[in-house]
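Reading through the structure tokens given below for one structure.
Lettering follows sequence order; numbering is per chain, from 1. Given the structure is predicted, the values throughout are model-derived calculations rather than measurements.
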Amino acid sequence: DSGVTQTPKHLITATGQRVTLRCSPRSGDLSVYWYQQSLDQGLQFLIQYYNGEERAKGNILERFSAQQFPDLHSELNLSSLELGDSALYFCASSVDPLENNEQFFGPGTRLTVL
Amino acid sequence: SQQGEEDPQALSIQEGENATMNCSYKTSINNLQWYRQNSGRGLVHLILIRSNEREKHSGRLRVTLDTSKKSSSLLITASRAADTASYFCATDGSYNFNKFYFGSGTKLNVKP
């Protein structure tokens, strides 16, 4: 158990819908990362937050957005969903990227878009 | 793209044998990390090697880094069936250590 929690574990929805994935980092970790893992794309970095502020953006679509709240939990919002958005979404946390960006991964949310 | 690439894509060995996986990347890094993923589950951090280090050990794991060749290798000695998993290398960017790039992974199968 990494100490990172993600909810829900599974999500099934229809095209065009909007969903919110939630992540709670390990106690004491200030940085949260979001990744998408699909069969044909591998593990793609989406976005990173540090203590409430966006720090880095990867291959995140405009239909996707994220935020990190004062209590450090983070949410990833996916809207206008398409079939191709079906994937495993992972959240990871780390203490401080400057010192050591070893990341601890949550169990993931499996999103299925029908 | 910065993305690391692992080689081979798949590796099948007998229990007790050593497994070697390679990772190549394209641009300068601050550090390189190796992660393991059991099927459909979250990734587990194995080892981090900094750009000024050449070799690192952790239990049965040995990682090397050659920044001149932009490559790293992960050696698992005396493999066990429980080592069966996918292994990924991950690199940050020396200009933006907040961005993380994972390779496509090596699928290791250790036969009992």
Handout entry: Within-4.5 Å side-chain heavy-atom neighbours: A/E102 and B/Q33
Key = yes

Exercise for the section: Answer with yes or no whether the hydrophobic clustering places A/Y89 together with A/Y49; edges join I, L, V, M, F, W, Y residues whose side-chain heavy atoms lie under 4.5 Å apart. Expected result: yes

Fill in the blank from the handout: On a heavy-atom basis, the closest approach of A/F105 and B/L43 is CB-O, 3.3 Å

Problem - Transitive ILVMFWY side-chain link A/F90 to A/I60, under 4.5 Å - result: no

Practice task
Side-chain contact test, heavy atoms from C-beta onward, threshold under 4.5 Å: evaluate it for A/Q37 versus B/Q37 and give yes or no.
Solution key: yes

Exercise for the section: Group every Ile, Leu, Val, Met, Phe, Trp and Tyr by side-chain heavy-atom contacts under 4.5 Å, then state whether A/F64 and A/Y35 land in the same group. Expected result: no

Problem - A/F104 versus chain B, the contacting section by heavy-atom distance below 4.5 Å - result: neither

Practice task
Mind checking the CZ-CZ spacing from B/F102 to A/F45? Nearest 0.5 Å is all I need.
Solution key: 10.0 Å

Handout entry: Greater than 12 external heavy atoms within 6.0 Å of A/E62's CD
Key = no

Handout entry: Cluster check A/L61, A/V113: I/L/V/M/F/W/Y, side chain < 4.5 angstrom
Key = yes

